[in-house]
Amino acid sequence: DSLQIAEPSNYFVDAKLLNLLNIVPIIAAFVLLTGRQNHGIVRHLRFFLIAFIASTILATPIAAILWKQPLFIKLFQFPYRFLSVGVVVGPWLIAEVISRANKRLRIGICMAFAATWLIPWWTTIRTVDPVVREVGFYTTNEGTTTVADEYMPRWVQVPPKQRAEKPIEFFSGKGTVQIVEPSTQKIDAIVEASERSVMRINTVYYPGWGVQVDGLPAAIDYQNARGVMLVAIPAGKHRVNAEFRETVPRFVADTLSVIAAIVALVYSFAQINKKKGMAA
């Protein structure tokens, strides 16, 4: 919320890309707005038209004045993200045009829409220049999925440039480490320390991580430049287990999402059965 990821003006959608992605929905929207519909523009159709037109405009330089507002930039970051609305709304508009057409014309309209989309797609796909990375680029580089490390926790001062060679190692002290089970969400190791030591778990701390030493909860210190987890252990042989689990807020949010999805499905089936009963 406090980081501007990029300059929005560099990510506006130009006419060529807009034509490639949205040409058929744009035609469908134009037909629905200007054609002679039997049922008029009903409420649900008005909603989809407004959503499609607004999202398309917000992805183009026409909305440049909005993209100069700091809050707008921080919330949405890239103009082209608004094209994702068209992924849902666009096909609905196309289906509405087809459903309103004469039954004898529907196949022809479908073929025309398909050709209108395939022609720019084919001319564009032939000019695509693929980016080929060397072997191991995505498996060793931690910064390939973000623009400005925007998902990095605030306490990380030095973002990782490459993946650590070992999931857990001695930060201070000495001894041996035997990895039992390493994964992205769990690190299980047997540590034999010859003196009181501090182990460094080479994973950036994030709420949900917990560490146990010999089955007992251990304090995690992540106030370091790299934001990784440091855990103190006494001398001797110990079982160190680090695991990422659900936090209470995330569990509550996931539960609410599942309940909402079930309610939506039940309501949808109830409405379908209601319409079938009325039709009968």
Side-chain angles (χ1 to χ4, degrees), residues 1-22 25-26 29 46-93 131 133 137-138 140-163 184-185 202-209 220-229 244-261 264:
D1 59 348
S2 61
L3 180 65
Q4 179 174 330
I5 305 305
E7 175 56 45
S9 61
N10 297 331
Y11 296 93
F12 283 125
V13 178
D14 58 19
K16 181 179 179 181
L17 185 58
L18 190 65
N19 178 58
L20 173 65
L21 298 175
N22 276 359
I26 288 173
R46 186 182 297 112
F47 168 79
F48 281 98
L49 283 169
I50 293 173
F52 178 74
I53 294 170
S55 62
T56 302
I57 291 174
L58 287 170
T60 64
I62 299 174
I65 189 171
L66 279 175
W67 286 101
K68 292 180 180 179
Q69 307 304 316
L71 180 61
F72 203 80
I73 296 173
K74 291 173 183 176
L75 283 174
F76 302 108
Q77 301 173 351
F78 301 102
Y80 61 74
R81 285 182 169 173
F82 282 97
L83 291 178
S84 60
V85 177
V87 174
V88 177
V89 178
W92 195 96
L93 296 176
V131 177
R133 301 291 187 183
F137 177 80
Y138 292 103
T140 60
N141 190 337
E142 298 286 357
T144 58
T145 58
T146 57
V147 177
D149 292 317
E150 60 269 26
Y151 298 129
M152 196 66 68
R154 296 178 185 274
W155 45 84
V156 178
Q157 301 172 18
V158 181
K161 299 301 180 183
Q162 61 184 16
R163 188 160 298 177
T184 56
Q185 293 186 308
N202 289 314
T203 299
V204 173
Y205 175 77
Y206 193 81
W209 276 102
I220 300 174
D221 178 15
Y222 56 89
Q223 298 299 328
N224 53 81
R226 293 172 54 189
V228 296
M229 295 178 279
F244 184 78
R245 304 183 182 94
E246 285 278 29
T247 61
V248 173
R250 284 202 294 269
F251 177 78
V252 171
D254 291 342
T255 303
L256 290 175
S257 297
V258 172
I259 293 173

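- Scored by the side chain to side chain donor-acceptor pair (under 3.5 Å) test, S9 finds E7 as partners (sequence neighbours excluded).
- Every residue meeting the ring pair (Phe, Tyr, Trp, His ring centres under 6.0 Å) condition with W92, not counting sequence neighbours, appears here in chain and number order: H44, F48.
- Looking at heavy atoms from C-beta onward, Y222 lies out of side-chain contact with W209 at the 4.5 angstrom threshold.
- Residues meeting the side chain to side chain contact (heavy atoms under 4.5 Å, CB included) test with F78, sequence neighbours left out: I5, A6, Y11, Y80, R81, V147.
- Taking the side chain to side chain contact (heavy atoms under 4.5 Å, CB included) definition, one finds that P153 meets it with W155, V156, V204, Y206, sequence neighbours left out.
- Between G86 and P91, the closest heavy-atom pair is O-CD, 3.3 Å.
- To the nearest 0.5 Å, atom OG1 of residue T56 and atom CD1 of residue I62 are 9.5 Å apart.
- With sequence neighbours excluded, the residues that form a side chain to side chain contact (heavy atoms under 4.5 Å, CB included) with N224 are R226, V228, L230.
- Considering V88, L93, V85 in turn, L93 is the only one that fulfils the side chain to side chain contact (heavy atoms under 4.5 Å, CB included) rule with F52.
- In terms of heavy atoms, P25 sits closest to G90 at CB-CA, 3.7 Å.
- Between I73 atom CD1 and L66 atom CG the span is 10.5 Å, to the nearest 0.5 Å.
- In terms of heavy-atom proximity, R245 sits nearest to R250 at O-NH2, 3.3 Å.
- By the 6.0 Å contact criterion, CD1 on I65 is open, its count of non-hydrogen atoms from other residues, nucleotides or ligands being 12 or less.
- Of all heavy-atom pairs between L18 and V13, the closest is N-CG1, 3.6 Å.
- Evaluation of the side chain to side chain contact (heavy atoms under 4.5 Å, CB included) rule for I50 yields R46 as partners, not counting sequence neighbours.
- Here the CD-CD distance, from Q157 to Q223, works out to 8.5 Å after rounding to the nearest 0.5 Å.
- Heavy atoms only, all atoms of each residue included: Q77 and P8 are closest at O-CG, 4.3 Å.
- For the ring pair (Phe, Tyr, Trp, His ring centres under 6.0 Å) test, residues two or more places apart in sequence or in another chain that qualify with F76 are F72, F82.
- Here the closest heavy-atom approach between residue D254 and residue E246 is recorded as OD2-OE2, 2.7 Å.
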